[in-house]
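Order of the sequence lines sets the chain letters (A, B, ...), proteins ahead of strands, with each chain counted from 1.
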Protein chains: 2
Amino acid sequence: MQYENIHHLVERYLSVSFIVMRKAAALVKYELDEDMTNDQYYLLRYIKKKAKCTSTELASLFGVNKSAITAMTNRLVKKGLIQRTRDQNDRRVVYLTLTERGNEWIMETEEKIHKLVESFISKFSEEEIETFIQTYEKLARILQEMEGAS
Amino acid sequence: MQYENIHHLVERYLSVSFIVMRKAAALVKYELDEDMTNDQYYLLRYIKKKAKCTSTELASLFGVNKSAITAMTNRLVKKGLIQRTRDQNDRRVVYLTLTERGNEWIMETEEKIHKLVESFISKFSEEEIETFIQTYEKLARILQEMEGAS
DNA sequence: AAAAAATAGTTTAACTGTTTAACTATTAAA
DNA sequence: TTTAATAGTTAAACAGTTAAACTATTTTTT
């Protein structure tokens with residue numbers, strides 16, 4: 001498939017995705033407690049959704065080495081927001097779960113972040129945002145497939 | 001404006017934007033030389049586009065403190081990819097420009113990154129991608145306005 | 001014109017996130 | 001029962017970030 005202005009489309013995509021990434025990150029950061037980072041928020045958010053998960057799973061989700069996850073989880077354990085428990089059937093595996101404090105923190109924070117996202121999503125028509133998210137989700141699937149292929 | 005499933009839309013947006021951000025970053029990184037980072041690519045890309053720019057401008061673009069830009073530009077100067085020159089009219093101002101090597105590097109790299117982005121953009125119909133980018137650009141404008149307001 | 005305030009950029013210390021390589025412990029496969 | 005593979009950690013080195021204090025210069029106020 002070949003478009004006339006493919007070069008221009010790519011330029012627009014690169015510029016806009018960079019800007020949205022940085023500005024959205026800044027707005028999310030603004031909602032968090034002083035001592036918490038965006039990555040820590042996304043990590044806790046994921047554990048909350050899955051109830052429990054492993055380092056390997058997080059490394060794949062974040063697209064980083066497992067040792068990066070070890071470092072991040074160490075900080076969250078130190079803060080008392082998550083805990084490690086070994087699988088009794090396969091003692092290589094370590095499950096990460098939220099502590100009570102971790103659960104409270106992510107609940108409160110999710111509320112703030114939801115309000116933030118609502119505040120800009122509500123500036124689009126329902127049809128526009130639905131179409132946008134559908135294409136975005138298709139893009140996510142394509143990127144995940146490409147990762148495996150390359 | 002109130003949607004029925006606003007909560008669900010926000011959840012989808014948060015999940016998909018996180019995944020696309022991380023996976024796209026991994027794919028871009030894969031195209032770069034070993035010793036170059038994504039942020040360095042985006043910084044050089046911006047200087048190329050503007051021909052010359054200042055720390056303050058980059059700090060605003062990246063949404064970070066000026067000292068973060070100083071650190072980044074120091075590394076790029078050390079690598080011989082950019083250079084600093086003082087404005088003769090206002091000697092507080094330092095302009096950043098590409099060196100010849102910096103220009104060559106960004107030209108080669110832009111070609112690789114364009115091919116990468118084309119490879120997934122071409123999986124959408126022209127109408128779908130045009131609509132998507134338009135909404136994405138509208139989102140970028142909204143986020144930039146919000147930043148000023150908050 | 002002199003003093004005060006604002007602007008552009010740098011330095012430093014401390015921290016988060018990241019990779020690579022070497023490592024431990026455990027389980028699965030030959 | 002060796003050998004492989006898997007799950008996770010450690011340590012060193014670096015990129016990116018913030019906050020606060022700083023230098024140098026220009027603009028505004030009085």
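Between Phe132(B) and Phe132(A), the ring centre distance stays below 6.0 Å.
Heavy atoms of Asp39(A) sit under 4.0 angstrom from primed sugar atoms or phosphate atoms, though from no base atom. Here Thr70(B) lies in heavy-atom contact (under 4.0 Å) with a base.
Ion pair Glu110(B)/Lys48(B) not flagged as a salt bridge, since none of the NZ, NE, NH1 or NH2 atoms sits closer than 4.0 Å to an Asp/Glu carboxylate oxygen. For the pair Arg22(A) and Asp39(B), the salt-bridge criterion is met [side-chain N within less than 4.0 Å of a carboxylate O]. Salt-bridge formation is not detected for the pair Glu31(B)/Lys115(B): no Lys NZ or Arg NE/NH1/NH2 atom is positioned less than 4.0 Å from an Asp or Glu carboxylate oxygen.
Between Lys29(A) and Asn74(A), it is Asn74(A) whose nearest contact on DNA chain D lies nearer the 5' terminus. Map Lys66(A) and Thr73(B) each onto its nearest nucleotide of DNA chain C; the residue landing nearer the 5' end is Thr73(B). Toward the 5' end of DNA chain D, the nearer of the two residues Ala71(A) and Glu34(A), judged by each one's closest nucleotide, is Ala71(A).
The phosphate of dG17(C) (OP1 or OP2) has a side-chain N or O of Thr37(A) nearer than 4.0 angstrom.
Nucleotide dT18(C) holds its C1' atom 15 Å from the CE atom of Met72(B), rounded to whole Å. Taking atom CG of residue Asn65(A) and atom C1' of nucleotide dA22(C), one finds them 14 Å apart after rounding to whole Å. Gln40(B) places its CD atom 16 Å from the P atom of dT18(C), with the value rounded to the nearest Å. dG17(C) atom C1' lies 13 Å from atom CG of Asn38(B), rounded to whole Å.
The footprint of chain A on DNA chain D, defined by a heavy-atom cutoff below 4.0 Å, extends from dA5(D) to dT17(D).
Under the Watson-Crick or G-U wobble criterion, with both distances below 3.5 Å, dA4(D) is left unpaired in every strand shown. With both pairing distances under 3.5 Å, dC22(D) is matched to dG9(C) as a Watson-Crick or G-U wobble pair.
Of the residues in residues 78-96 of chain A, those with a non-hydrogen atom less than 4.0 angstrom from any atom of DNA chain C are Asn89(A), Asp90(A), Arg91(A), Arg92(A). Residues from residues 51-58 of chain B with heavy atoms under 4.0 angstrom of DNA chain C, sorted by number: Thr54(B), Ser55(B), Thr56(B).
Residue Leu76(B) holds its CG atom at 12.5 Å from CD of Gln83(B), rounded to the nearest 0.5 Å.
Surrounding NZ of Lys50(B) are at most 12 heavy atoms belonging to other residues, nucleotides or ligands under 6.0 Å away. By the neighbour-count criterion of 12 heavy atoms within 6.0 Å, atom CD of Glu111(A) is sparsely surrounded, having that number or fewer from other residues, nucleotides or ligands.
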Exercise. Step by step, would you call Thr54(B) with Val94(B) a side chain to side chain contact (heavy atoms under 4.5 Å, CB included)?
Worked result: CA-CA 6 Å; Thr54(B) 66; Val94(B) 173; over 6 Å; no
Exercise. What's the verdict on side chain to side chain contact (heavy atoms under 4.5 Å, CB included) for Leu96(A) and Leu58(A), showing C-alpha distance, side-chain angles and the deciding distance?
Worked result: CA-CA 10 Å; Leu96(A) 302 169; Leu58(A) 288 169; 3.6 Å; yes
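The nearest pair of heavy atoms linking Leu14(A) to Arg45(B) is CB-NH2, 3.4 Å.
The glycosidic torsion of dA13(D) lies more than 90° away from 0, placing the base in the anti range.
With Phe18(A) as the partner, the ring-ring contact (aromatic ring centres under 6.0 Å, His included) test is satisfied by one option alone out of Tyr46(B), Phe62(B), Tyr136(B): Phe62(B).
Within the 4.5 Å cutoff, the side chain of Lys49(B) has heavy atoms near those of the Ser15(A) side chain.
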